[in-house]
Amino acid sequence: MGIEITINGEKKVWDTKPSETLLDALRNHGYKSVKRGCDEGHCGACTVLVDGKAIKSCVMLAGQAHKRNIVTIEGIGTIDEPHPLQKAFVHTGGVQCGYCVPGMILSAKALLDENPVPTEEEIKTALDGNLCRCTGYVKQVEAVGLASKMMRGEN
Amino acid sequence: MKNLKTFYYPETIDEVLDILRDETVKTAMVAGGTNISLSNDTTVEALVDITRAGLSYIKEEGGYIVIGATTTVRELMDSEIIKGMADGVLAHASTLIATHPLRNAITIGGNIVQLRIWSDLPTVLLALDAQVKVKGYEDRVIPAKDFFAKHPQKQLDPDEIVTEIVFPKAAEKSGAEFIKISRTKGDYAIISLGCYLEYENEKCTLARIAIGSALNYPKRARGAEAILEGNEITEDLVNSAAQKAMEEIKPISNMWGSAKYKKQLIKNLTRKAILSCNKKAIDKVGSAT
């Protein structure tokens with residue numbers, strides 16, 4: 001089954017199995033930043049942006065992404081030019097093993113795109129679907145606050 | 001879903017209905033996908049993606065709030081209309097459902113049709129006296145109390161679709177409350193309770209108390225409601241209504257708790273919810289009345 005999707009700004013037509021999840025389709029096409037954790041909608045490691053909203057790609061079928069705009073971590077920064085969120089995560093020490101971080105940064109990006117000056121409570125709500133077993137979330141919440149400032153040119 | 005062959009992307013409700021009526025293909029509808037993506041159903045040959053059929057909206061129509069079936073939990077929690085209606089109980093309940101990326105996916109229609117024991121929205125919708133609008137060969141309007149009396153999937157024909165959820169606006173002098181008990185905020189509910197009270201002069205004229213998650217299908221505590229209606233809310237009356245709710249609702253034991261524990265919760269939460277609704281109603285009109 002062919003689906004048309006825009007991924008990280010590029011239009012693509014993918015041949016997918018109708019029963020395939022978006023997570024599988026993304027990984028099969030080389031988007032390995034999208035991680036498989038629980039595979040049942042709890043951990044958030046597979047979070048991507050679908051039309052700007054954070055979505056767990058393990059509980060969405062690839063067919064549902066037809067004509068949607070998908071963003072993965074490959075689409076928001078490069079090693080030479082990281083996104084402010086990526087810089088902020090490094091700066092605050094919000095990254096340990098790193099497995100949860102692509103999903104977490106995408107959840108944070110969805111938040112900051114809609115709400116550039118979030119409260120701590122709003123940051124926590126936006127990240128509540130991304131489990132991290134290394135940290136205590138403190139540094140990541142700080143990182144999103146810092147990124148918000150950086151994006152407004154305050155830091 | 002191993003026999004799934006294709007997807008349909010209808011752009012109107014009529015197109016959805018045409019596809020559902022095609023008896024040569026076994027179809028299922030998908031909106032958020034959180035349920036169907038984990039399904040092992042091998043009979044489904046085609047999925048009908050209904051998120052493009054114009055069913056995502058929240059609006060006020062006359063004395064009613066009208067919610068399109070594919071409106072997401074996230075949209076409910078952020079909607080100014082929903083936040084401003086009946087003390088924002090539906091928005092509040094929405095913030096307590098699952099986690100953010102799932103709230104972006106889960107739809108009100110999917111949530112109520114799939115009805116799981118832990119579902120929170122059905123409890124609120126019962127308390128708000130919602131009605132479920134269904135389209136098929138004939139249009140139907142099913143009151144929430146009937147819709148949730150048995151599993152909703154058993155009430156709908158394969159060629160029917162839930163299109164809207166509608167509930168009356170809250171009265172000026174009213175109070176509403178939603179309480180969910182779970183181990184963590186986004187966890188499945190051990191019990192949920194929705195309460196809505198309306199007043200005229202000093203008396204409670206209408207009471208709706210709905211209890212969910214403690215039993216297979218959410219239910220109104222009619223006996224407790226009857227104790228409140230027509231009376232001024234006093235401490236004694238609240239206690240007898242709470243006692244009655246505990247007696248009339250039969251919770252089940254499961255991994256989330258024993259029936260005995262849930263009975264105690266029903267009593268305590270009913271009391272707490274009535275007092276909260278009462279206070280909200282008084283605060284709204286002020287002590288002058």
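Basis for what follows: all heavy atoms, side chains included, without hydrogens, waters or symmetry-related copies. Every chain is numbered from 1, with letters handed out A, B, ... down the list of sequences.
Neither the backbone nor the side chain of L106(A) comes within contact range of chain B; no heavy atom of the residue lies under 4.5 Å from a heavy atom of that chain. Looking at D49(B), the atoms closer than 4.5 Å to chain A (heavy atoms on both sides) all sit in the side chain, from C-beta outward. Looking at A31(B), only its backbone comes within 4.5 Å of chain A, counting heavy atoms on both sides.
Under a cut-off of 6.0 angstrom, the local environment of CD in E154(A) is crowded, with over 12 non-hydrogen atoms contributed by other residues, nucleotides or ligands. Enclosure of atom NZ in K279(B) is not indicated, since only 12 or fewer non-hydrogen atoms of other residues, nucleotides or ligands lie within 6.0 angstrom. Shown here is E120(A), whose CD atom has no more than 12 heavy atoms of other residues, nucleotides or ligands within 6.0 Å. Residue K26(B) qualifies as enclosed at atom NZ: its count of foreign heavy atoms under 6.0 Å is above 12. When the shell of 6.0 Å around NE2 of H91(A) is examined, it contains 12 or fewer heavy atoms from other residues, nucleotides or ligands. Summarising the local packing, CD of E23(B) is surrounded by 12 or fewer heavy atoms from other residues, nucleotides or ligands at distances under 6.0 Å. Annotation for R183(B): atom CZ does not count as buried by contact number, only 12 or fewer foreign heavy atoms lying within 6.0 Å. For NZ of K272(B), the number of neighbouring non-hydrogen atoms (other residues, nucleotides, ligands) closer than 6.0 Å is 12 at most.
Ranked by heavy-atom pairs under 4.5 Å with chain A, the list K2(B), R103(B), M1(B) is led by R103(B). Comparing T51(B), T72(B), L47(B), L38(B) by heavy-atom pairs within less than 4.5 Å of chain A, the highest count is held by L38(B). Highest contact tally toward chain A, considering only T95(B), T34(B), N35(B), is held by T34(B) [criterion: heavy-atom pairs under 4.5 Å]. Options L127(A), N130(A), L61(A) differ in how many heavy-atom pairs under 4.5 Å they form with chain B, and the most are formed by L61(A).
Between F7(B) and H66(A), the distance from one ring center to the other does not fall under 6.0 angstrom.
Aromatic ring orientation, H42(A) versus Y188(B): perpendicular (interplanar angle above 60°, classes split at 30° and 60°).
Annotation for P18(A) and K5(B): closest pair CG-O, 3.1 Å, computed over non-hydrogen atoms. Smallest separation of non-hydrogen atoms from C58(A) and S37(B): O-OG, 4.1 Å. Contact record, G129(A) with P101(B): CA-CD, 3.8 Å, taken as the closest heavy-atom pair.
Note: S19(A) OG to I36(B) CD1 = 12.0 Å, rounded to the nearest 0.5 Å. To the nearest 0.5 Å, the span separating CG on L102(B) from OG1 on T47(A) amounts to 8.5 Å.
The backbone N or O of G32(B) sits less than 3.5 Å from a side-chain atom of Q64(A), completing a donor-acceptor pair. In this structure a side-chain-to-backbone donor-acceptor pair under 3.5 Å is present from D128(A) to H100(B).
Salt-bridge annotation for R74(B) and E114(A): present, with a side-chain N of the basic residue lying under 4.0 Å from a carboxylate O of the acidic one.
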